[in-house]
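Note sheet for the following structure.
A note on names: the letters A, B, ... follow the listed sequences, proteins ahead of strands, and every chain is numbered from 1.
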Amino acid sequence: MTIKQISELLEAKVLCGADRLDEENDIVFASDLMSDVLTLGDYNPVILTGLCNMQTIRTCEMGNLDVIVLVRKKKATEEMIEEAEEEGMVLMECDYSMFKACGILYAAGLKAIY
Amino acid sequence: MHFEYQVYEADFVNAGAASSAIKKTLKQLNINPSIIKRVVVALYEAEVNAIAHAYGGTIYADIEPDKITVKIVDTGPGIPDIDWAMQEGNSTASPEVRDMGFGAGMGLPNIKKNVDKLNVSSTVGVGTTVEMEVNFI
């Protein structure tokens with residue numbers, strides 16, 4: 001599924017990385033715990049998280065994870081958007097709860113890592 | 001190549017700066033991306049630990065043709081029971097650290113999973129030294 005389709009399913013607002021919306025990604029990992037996000041090895045899933053601070057962006061940078069959806073109506077700061085942009089990430093904001101966002105993507109056929 | 005970085009207590013704004021710099025250097029050296037990720041994940045967890053649990057410290061990184069060695073030396077309360085700290089789920093993190101998305105007791109176990117050699121030594125009331133090594137081949 002393209003990142004654009006994911007953004008549409010989640011009615012998410014794309015904050016940066018709009019030039020990458022045609023790329024495909026079929027795996028999702030959802031967590032508010034950044035240490036969990038750092039356990040994914042070579043996978044590069046779409047990250048769904050309700051954690052909304054600079055550590056969200058930094059952790060994803062360390063883990064080579066470059067598509068991030070902030071759920072639960074969290075709003076990224078200017079600093080987060082700038083950093084994400086600099087790292088070439090796609091950063092989105094979604095008003096849905098984690099449960100709803102995950103449910104929609106799972107029902108649409110996206111896969112879990114485990 | 002030798003690098004040194006200072007980290008400061010509760011300086012979450014800059015947490016990851018050293019790890020990010022090392023990542024860029026390893027990329028420039030064309031190290032295998034999977035290996036870079038292991039190094040960076042381990043280093044980032046250690047960097048966050050020094051910021052979250054200690055009063056600050058120094059990160060020493062040495063890149064050789066076949067491996068990277070990193071030593072994180074902090075001054076701080078130390079770890080009374082290293083075996084306990086190495087187990088997943090055990091943590092003494094503050095609410096502030098948990099708000100940052102850490103503090104679930106996965107830092108040291110995550111480091112262990114990603115490195116080829118790990119040595120943690122600590123003196124209560126003095127500080128902790130974490131030494132890690134990752135082979136490039």
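Under the 4.5 Å side-chain contact rule for hydrophobic residues, A/Leu40 and A/Ile3 do not share a cluster. The cluster map of Ile, Leu, Val, Met, Phe, Trp and Tyr, joined by side-chain heavy atoms under 4.5 Å apart, puts B/Ile79 and B/Val73 in different clusters. A/Met54 and A/Leu51 fall into different hydrophobic clusters, defined by Ile, Leu, Val, Met, Phe, Trp and Tyr side-chain heavy atoms under 4.5 Å apart, directly or through other members. Residues A/Tyr114 and A/Ile47 share a single hydrophobic cluster, defined by chaining ILVMFWY side chains whose heavy atoms lie under 4.5 Å apart. Residue B/Val7 is grouped with residue B/Met132 when hydrophobic side chains (ILVMFWY) are merged at heavy-atom distances under 4.5 angstrom, including chains of intermediate members.
No more than 12 heavy atoms of other residues, nucleotides or ligands shown are found within 6.0 angstrom of CD on A/Glu79. Heavy-atom contacts from other residues, nucleotides or ligands closer than 6.0 Å to NZ of A/Lys75 number more than 12. Within a 6.0 Å radius of CD in A/Glu11, other residues, nucleotides and ligands contribute 12 heavy atoms or fewer. Heavy-atom neighbours of B/Glu4 CD from other residues, nucleotides or ligands within 6.0 Å: above the threshold of 12.
Comparing B/Ser20, B/Gly16, B/Pro33 by how many heavy-atom pairs each has under 4.5 Å with chain A, the most go to B/Ser20. Top candidate by heavy-atom pairs under 4.5 Å with chain A, chosen from B/Asp99, B/Val40, B/Asn110, is B/Asn110. Counting heavy-atom pairs closer than 4.5 Å to chain B, the top residue among A/Asp42, A/Thr56, A/Thr59, A/Thr39 is A/Thr59. Contacts with chain A were tallied for B/Val48, B/Val13, B/Asn114; B/Val13 has the most, counting heavy-atom pairs under 4.5 Å. Of the listed residues (B/Ala15, B/Gly105, B/Ala104), the greatest number of heavy-atom pairs within a distance under 4.5 Å of chain A belongs to B/Ala15.
Of the atoms belonging to A/Leu33, heavy atoms from both backbone and side chain fall under 4.5 Å from chain B. Residue contact with chain B, scored on non-hydrogen atoms closer than 4.5 Å, involves the side chain of A/Glu87 exclusively.
Side-chain atoms of A/Arg58 never come within 3.5 Å of backbone atoms of B/Ala17 as a donor-acceptor pair (strictly under, hydrogens ignored). Between the side chain of A/Asn64 and the backbone N or O of B/Lys37 there is no donor-acceptor pair closer than 3.5 Å.
Put simply, CE on B/Met106 and CE on A/Met34 are 11.5 Å apart, with the number rounded to the nearest 0.5 Å.
Residue B/Phe12 comes nearest to A/Gln55 through the heavy atom pair O-OE1, 3.2 Å, listed as atom of the first residue, atom of the second, then distance. Summarising the geometry of A/Met62 relative to B/Ser19, their closest heavy-atom pair is SD-CB, 3.7 Å, with the distance given to 0.1 Å. Residues A/Ser35 and B/Gly107 come closest through the heavy atom pair OG-N, 4.5 Å.
For the pair A/Asn53/B/Met100, a side-chain contact is recorded, criterion being any heavy-atom separation below 4.5 Å from C-beta on.
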